[in-house]
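Hydrogens, waters and symmetry mates are skipped; everything else that's a heavy atom, side chains included, is used. We count ligands from 1, going down the list as the structure has it; atoms in each ligand are counted the same way.
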Amino acid sequence: MTPRTEVGHTVWAEADKHEGGWMEDAQAEVPQAARDALGTYFGYDSFRPGQAPLVSAILSGRDALGVMPTGAGKSICYQVPALTLPGLTLVISPLVSLMGDQTRSLLAAGAHPSYLNSTLTPAQQNTVLRRAAAGWYQIMYVAPERLADPRFLEFAQSLAGPGGIGIPLVAVDEAHCVSQWGQDFRPSYLQIADFVASLPVRPVLAAFTATATARVRDDIVTMLGLRDPATVVTGFDRPNLYFGVEELADRQKDLRILAYIREHRDESGIIYCSTRKAVDELSDLLARELLVVGPAVGRYHAGMSPEARNRSQEAFVDDRVPVMVATNAFGMGIDKPNVRYVIHHNVPESIEAYYQEAGRAGRDGDPASCLLLWNGNDFRVRRYLIDQTEDGQLDPGQRDQARANRYRLLDQMQGYCETTGCLREYVLRYFGDEAAGEVARPTAGREGCGNCSNCLTHFESEDVTREALAILRLVRETGGRFGKSLVADALHGARTEKVRQWKLDEAEGYGALEDVPVGWIKDVAGQLVGRGYLAQSQGRYPTLALGPRAMEALEDPEAFSFALKRRRSQERAGERGRRAAELIREEAGSGERVGRVGDDADLFERLRTLRMDLAQERNWAPYMVCSDKTLRDLCRRRPRTMDELLAVQGIGERKAEQFGQALLDAIADFESSQEGGH
Ligand code: ADP
Ligand code: ZN
């Protein structure tokens, strides 16, 4: 059967036979051992969309390809098989820091994981290899570079050969790194296919990525040598993420970020800046302003020493420094589930880059916010950077193409900033996700997706036909040689040096819109571009020319009308339902209600402190003890016995063993303290 790849809903190549009800069927088809592993190790009672068919395929001996957005739960897809199958599963992962974290998490869950990388001394590496050969471990994380090491090759071959414990599965994380079309190409990924082919018994090969484009997906299949893989592509919507866009002057951006952090003092967030210098300046400012009451703010960029970067990252993952100001170098290795917001101080180079970075918010599925702050400077800087890009290894033709490509990506990004439509829909459409039309369809009680700044903004439509015609006429009169700002200045009748220099003050249209603010004229011009009446050239100083629809308007102005949406009011977007107490209340419908004393929110805070203590004792990150969602489920259910505790979402047997008693005691203590007070 040929694998079928579709975007927008989950497809499993062999699931055709139960089209329609695939989800339940797929759950039921997962072998019992795998469902047990999901409960015992991770404390989850069901697989998420896409996980079940991938796990089933792997366990039945078939190659697999999982394409899911960040936070969808790709790790479970190979961890559950690894903990179910006999032998040692190898996980190839590009990031050394991630390996340590994943290993610690799996240990916390009661599994037997290991990793092999350059942070271990040669003696430690020997120990790991010896123990692995003796069957100590279920899963081993390795960097792709390791596959070329003759010692490792020998180890893997003997493991997979006669008398060895066997390598049932090789899982490739961040599989898009194999593609030269992807943003994160790593030549060492090209060795994976040879490595797998060199093993005496071919293991199942499974690849995972969050990159959506078909081109990259095809590369993964060919370059890794996947054989007839069961392919699952889940939709790219992240319903728990709020998306917001705000146009702000440079100085306002800093103040907005400061205010946001102050309002979300106990939450963890990432602030992305485009340059090292901006990271340093903003983190200095924030550290100064937040010195007394916190939260602590860290920084991360490639100009820092590797040690300093590591310290920074660890402090962030462990919640000691909850806010990180960083360049996009702070990236793939961040597997922290409770990042509550990602703010972009500048515009990234593409929608792909933006969605990947913003997508680091809310991996735990709880509400989180993604805010993009922008202004015209961002695009000027980006265009300048595109022009400066060297592309030394390309010939002139390829170079032009690469440049045009970058401009195209940036234009899409600009469209995102300027659209008055649903932001979620915009992104999904960009990725070719069929669900794009669905997410923004208004339903009872909400506008559009109900969770982006445009859908939460009340726009008023304003007739700007006069402005639009004046702009079109001036552009025609001056031959399309000028940029948006100069056109707007001329129409407004500004007496600037540039206006005089280009003799725009002698144009017929000069001052035609004297009564209209320059910013508003620019907005109208922007919308004229968006709707095809004007065309904007590419390059560092884009100029406005007449677009394909200009003549419609200019030849029959009586019949032409043009309206612009103007923002009126905006809800305090993304703030709704954010506090733990509100989430507990919202979730109350989904679990059984228990008679209880005291305020859930107070109990939540107590349990949060306990979690911090338990984590520190073990040198873990708090999320390795349990997630916020688990804490809320504890507040709601108030378990009194171990059995009741095991019913809590996210508490597996091993976790119950390790700190179940501490949790039960804390809840009992809390309840009796509350009763005593009354
Ligand atoms: P990805 O690698 O796709 O970005 P992760 O593997 O980090 O996502 O998973 C994201 C979060 O979802 C983690 O906190 C994980 O524990 C949780 N998760 C994964 N699968 C399930 C499930 N079946 N039920 C509940 N939570 C899950
Ligand atoms: Zn929306």
Side-chain angles (χ1 to χ4, degrees), residues 23 26-27 30 34-35 37-39 41-52 54-55 66-80 91 93 95 98 101-102 105-106 108-109 171 173-175 208-211 232 234 236-245 332-339 356 359-366 368 370 416 419-429 436-443 446-457 459 571 573-574 621-630 633 648-652 655:
M23 257 182 75
Q27 296 271 359
V30 183
R35 276 184 283 163
L38 186 70
Y41 293 108
F42 303 100
Y44 302 139
D45 41 333
S46 61
F47 286 103
R48 286 205 188 144
Q51 290 177 335
L54 287 165
V55 169
V67 185
M68 303 176 178
T70 309
K74 288 184 283 295
S75 335
I76 292 283
C77 300
Y78 57 81
Q79 286 170 347
V80 163
V91 181
S93 163
L95 272 145
L98 195 65
D101 277 357
Q102 293 213 330
S105 284
L106 283 169
D173 208 0
E174 313 287 357
F208 301 90
T209 179
T211 299
V232 169
T234 60
F236 271 70
D237 188 20
R238 300 274 310 274
N240 63 317
L241 298 187
Y242 161 83
F243 288 98
V245 163
M332 282 203 289
I334 308 312
D335 206 4
K336 182 173 152 71
N338 65 335
V339 175
Q356 197 171 56
R360 295 190 177 116
R363 292 167 95 101
D364 53 12
D366 285 356
C370 310
Y416 180 82
T419 181
T420 49
C422 175
L423 295 173
R424 188 178 305 279
E425 179 183 357
Y426 187 98
V427 169
L428 294 185
R429 221 172 265 301
E438 287 300 311
V439 293
R441 182 163 301 159
T443 43
R446 61 150 224 231
E447 294 275 343
C449 78
N451 201 17
C452 81
S453 56
N454 284 347
C455 290
L456 292 173
T457 300
F459 288 99
E571 282 179 40
Y623 77 83
M624 293 172 185
V625 174
C626 68
S627 69
D628 284 2
K629 192 171 259 149
T630 299
D633 211 26
V648 171
Q649 152 101 295
I651 304 267
K655 295 238 165 120

Next item on the list: Using the Zn ion (ligand 2) as the apex, give the angle to atoms SG (Cys455) and SG (Cys449), rounded to 10 degrees.
Entry: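 Vertex the Zn ion (ligand 2), arms to SG of Cys455 and SG of Cys449: 120°.
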
Notebook entry, point to check: Where the Zn ion (ligand 2) is the centre, what is the SG-to-SG angle for Cys422 and Cys452, rounded to 10°?
Noted result: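 So the angle at the metal works out to 120°.
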
Item checked: Pairing of Asp173 and Lys74 as salt bridge, 4.0 angstrom limit ->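 Looking at Lys74 together with Asp173, the answer is no, because their closest N to O distance does not fall below 4.0 Å.
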
Ignoring hydrogens and angles, tell me if any N or O in the side chain of [X] forms a donor-acceptor pair with the backbone of [Y] under 3.5 Å.
X      : Y      : answer
Asn454 : Gly421 : yes
Lys336 : Arg363 : no
Arg424 : Cys452 : no
Arg238 : Gly359 : yes

Return the closest protein heavy atom for [atom] as residue, atom name and distance.
atom                   : answer
atom 7 (O) of ligand 1 : Asp335 OD1, 3.5 Å
atom 6 (O) of ligand 1 : Ser75 OG, 2.5 Å
atom 4 (O) of ligand 1 : Gly71 N, 2.6 Å
atom 9 (O) of ligand 1 : Gly73 CA, 3.4 Å

Can you list the atoms of ligand 1 that are under 4.0 Å from a heavy atom of [X]?
X      : result
Arg363 : 1 (P), 2 (O), 4 (O), 7 (O), 10 (C), 11 (C), 12 (O)
Ile76  : 19 (C), 20 (N)
Phe47  : 23 (N)

Tell me, please: is [X] in heavy-atom contact with ligand 1, that is, under 4.0 Å?
X      : result
Asp364 : no
Met68  : no
Ala210 : no

Notebook entry, point to check: Under the side chain to side chain contact (heavy atoms under 4.5 Å, CB included) criterion, do Phe47 and Ile76 qualify, and how do the steps go?
Noted result: CA-CA 9 Å; Phe47 286 103; Ile76 292 283; 4.1 Å; yes

Next item on the list: Grab the two heavy atoms, one from Gly50 and one from Val232, that are nearest each other, plus how far apart they are.
Entry: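 Smallest heavy-atom distance, with atoms named: CA-CG1, 3.7 Å.
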
Item checked: Shortest non-hydrogen contact between Asp364 and Asn338, atoms and distance ->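 Between these two residues, the closest heavy atoms are OD2-CA, 3.5 Å.
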
Notebook entry, point to check: At a non-hydrogen distance cut-off of under 4.0 Å, which region of Tyr44 contacts ligand 1 (side chain, backbone, both, or neither)?
Noted result: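 Looking at Tyr44 and ligand 1, just side chain atoms fall under 4.0 Å.
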
Next item on the list: Of the side chain and backbone of Ser627, name the one, both, or neither that has a heavy atom under 4.0 Å from an atom of ligand 1.
Entry: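 The answer is neither.
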
Next item on the list: Kindly indicate whether the side chain of Glu174, heavy atoms from C-beta on, has any atom under 4.5 Å from the side chain of Phe208.
Entry: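 Result no, sub-4.5 Å side-chain heavy-atom pair not found.
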
Margin query: Less than 4.5 Å apart, side chain to side chain, heavy atoms only: is that true for Pro239 and Asn451?
Written below: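 Contact flag for Pro239/Asn451 side chains = no.
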
Margin query: Protein heavy atoms near atom 13 (C) of ligand 1, is at least one of them under 4.0 angstrom away?
Written below: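 No, no protein heavy atom sits under 4.0 Å from atom 13 (C) of ligand 1.
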
Next item on the list: Just go through Gln51, Lys74, Arg48, Gln649 and tell me whose heavy atom is the nearest to atom 20 (N) of ligand 1.
Entry: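 The residue whose heavy atom sits nearest atom 20 (N) of ligand 1 is Gln51.
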
